[in-house]
Amino acid sequence: MNRVFNFSPGPATLPLEVLEQVRAELLDWHGAGMSVMEMSHRGKEFIAIAEQAEEDLRALLGVPENYRVLFLQGGALGQFAAVPMNLLRGKKSADYLVTGSWGAKAAKEAGRYGTARIAARPADGKYTHIPPRETWQLDPQAAYVHYTPNETIEGVEFHEVPEVGAVPLVADFSSAFLSRPLEVSKFGLIYAGAQKNAGPAGVTIVIVREDLLGQALPNTPSVFDYQQMAEHDSMLNTPPCFAWYVCGLVFKWIRGQGGLAAIGERNQRKAALLYDYLDGQSFYRNPVVKRDRSRMNVVFTLADPALDDAFLKGAQAAGLSGLKGHRSVGGMRASLYNAMPESGVRTLIEYMKEFARTRA
Ligand SMILES: *Cc1c(COP(=O)(O)O)cnc(C)c1O
């Protein structure tokens, strides 16, 4: 076996302990005589797996009683549509804080169901910082305010939950979900595709305050109707059973690591290692203003883009995978999700130093 340090933005690295447990349980889950892949989602075994996963997630985040936890399909992109379909609630317009490519896409998709007002966007058109709070143009009548706590492509992150008054706050947490403690009660709704930090692709987690349910647009597909899904414990139809199960193992793993406070500190340390290195030399460059840098996705460019291919090839040979930046921004991106150990970050920095020393 030869596992690499996988810096991919998603699907992304998973804890080795979780993969080993999946392997151990693969053919015969807890004496059921079958794999989780082969079980009825209505049987007592899978119901127990599903309930345990929700219980562990609730414990990790301290999810209040008046919030429902849903395990849906369709990815974050599905939620870009489901959010307006469910949360416009008779209103015409919602506010979007656009601080990167995913937020822009979310606003575009929402525009098919209502008015997606851009309440904030960097004036220079570059997603390298979060526009100052005093420049935001929030509409107190908006159905909700949507933002992207961590912009996966540009490496820009909100380090505090934005203050938006009484309007429900909605967050696409995909690439920062479970990366540190979170006060769920500040949100109307949180959603996250699992494949960045919570598990394998195929399941999308939605945490929604109960009073926002029950007013979906009449043409909302049933599988995207939060109220219907909540009434059926996310099993209106066949759920993504295997992905749900693996997420449950990841939640247990995070609890075993000391919970979100411990995970958050570790993530902070990992990101600081890489940013400190980047700031102390001139061959590599990170364009994001320091205050708004992502702890999950660290982007950087090389002094000469003509060296990108050689950098990636050498990295692969050194057991460092998935470092190519998104095609829309170029350069490199190191995703440092929960399952990336500090030793992976240190190995990356050593490689970067050596590459700069020999190529600069
Ligand atoms: C990856 C990502 C998405 C897209 O997720 P899908 O599950 O592929 O639809 C959306 N938003 C953010 C912030 C992401 O990181």
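Start at 1 and go down the list; that is how both ligands and their atoms are numbered.
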Engineer: Look only at interatomic distance and state if N150 has a nitrogen or oxygen under 3.5 Å from any nitrogen or oxygen of ligand 1.
Structural biologist: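 No.
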Engineer: What is the ring orientation for F71 with F251, classed by angle as parallel under 30°, tilted 30 to 60°, or perpendicular over 60°?
Structural biologist: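 Tilted, since the angle between the ring planes falls between 30° and 60°.
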Engineer: What are the atoms of ligand 1, with element, lying closer than 4.0 Å to any heavy atom of S175?
Structural biologist: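 So the answer, numbered in order with elements, is 15 (O).
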Engineer: How are the rings of F311 and Y284 set relative to one another: parallel (under 30°), tilted (30 to 60°) or perpendicular (over 60°)?
Structural biologist: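 Ring orientation of F311 relative to Y284: perpendicular.
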Engineer: Has R327 got more than 12 heavy atoms of other residues, nucleotides or ligands less than 6.0 Å from its CZ?
Structural biologist: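 Open: at most 12 neighbouring heavy atoms sit under 6.0 Å from CZ of R327.
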Engineer: With heavy atoms under 4.0 Å as the rule, classify the contact between K196 and ligand 1 as side chain, backbone, both or neither.
Structural biologist: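 Near ligand 1, K196 shows its side chain, while the N, CA, C and O stay back.
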Engineer: Please verify the inter-ring angle class for H146 with Y144; under 30° counts as parallel, over 60° as perpendicular, anything in between as tilted.
Structural biologist: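 Plane angle over 60°, so perpendicular.
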Engineer: Just let me know how K105 lines up against ligand 1, side chain, backbone, both or neither, with a heavy-atom cut-off below 4.0 Å.
Structural biologist: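 Answer for K105: neither.
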Engineer: Check each heavy atom of L77 against ligand 1 and say whether those closer than 4.0 Å belong to the side chain, the backbone, both or neither.
Structural biologist: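 Looking at L77 and ligand 1, atoms from backbone and side chain both fall under 4.0 Å.
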Engineer: Is it the case that ligand 1 has an N or O less than 3.5 angstrom from some N or O of G74?
Structural biologist: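 No: no nitrogen or oxygen of G74 is under 3.5 Å from one in ligand 1.
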Engineer: Which part of S174 is near ligand 1, with near meaning a heavy atom under 4.0 Å away: side chain, backbone, both or neither?
Structural biologist: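 Only the side chain of S174 comes within reach of ligand 1.
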Engineer: Please determine whether the number of non-hydrogen atoms from other residues, nucleotides or ligands lying under 6.0 Å from atom CZ of R180 exceeds 12.
Structural biologist: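 Atom CZ in R180 is crowded, with more than 12 foreign heavy atoms closer than 6.0 Å.
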Engineer: Quick check: are there more than 12 heavy atoms from other residues, nucleotides or ligands sitting under 6.0 Å from NZ of K324?
Structural biologist: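 No.
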Engineer: Using 4.0 Å as the upper bound for N to carboxylate O, is an ion pair formed by E54 and R58?
Structural biologist: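 Salt bridge: yes.
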Engineer: Pairs of nitrogen or oxygen atoms closer than 3.5 Å, one from G75 and one from ligand 1: do any exist?
Structural biologist: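 The answer is no, given that G75 and ligand 1 share no N or O pair closer than 3.5 Å.
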Engineer: Which residue supplies the protein heavy atom nearest to atom 11 (N) of ligand 1, what is that atom called, and how far is it?
Structural biologist: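 Scanning the protein heavy atoms, the shortest distance from atom 11 (N) of ligand 1 goes to D172 OD2, 2.6 Å.
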Engineer: For ligand 1, which atoms have a heavy atom of T152 less than 4.0 angstrom away?
Structural biologist: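 Those qualifying, in numeric order: 12 (C), 13 (C), 14 (C), 15 (O).
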Engineer: Name the closest protein heavy atom to atom 7 (O) of ligand 1, giving the residue it belongs to and the distance to 0.1 Å.
Structural biologist: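 The answer is Q195 NE2, 2.9 Å.
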Engineer: Is it true that, when you exclude R133 itself, more than 12 heavy atoms of the residues, nucleotides or ligands shown sit nearer than 6.0 Å to its CZ?
Structural biologist: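 Yes, CZ of R133 has more than 12 neighbouring heavy atoms, counting only those of other groups under 6.0 Å.
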Engineer: Pull out every atom of ligand 1 sitting under 4.0 Å from any heavy atom of A76, numbered as shown with elements.
Structural biologist: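 Reading through ligand 1 atom by atom, the close ones are 3 (C), 4 (C), 5 (O), 6 (P), 7 (O), 9 (O), 10 (C).
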Engineer: Looking only at N/O atoms, are T148 and ligand 1 under 3.5 Å apart anywhere?
Structural biologist: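 By distance alone, the answer is no.
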Engineer: In terms of ring plane angle, is the pair Y147 and F187 parallel, tilted or perpendicular, where the classes change at 30° and 60°?
Structural biologist: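 It falls in the parallel class, under 30°.
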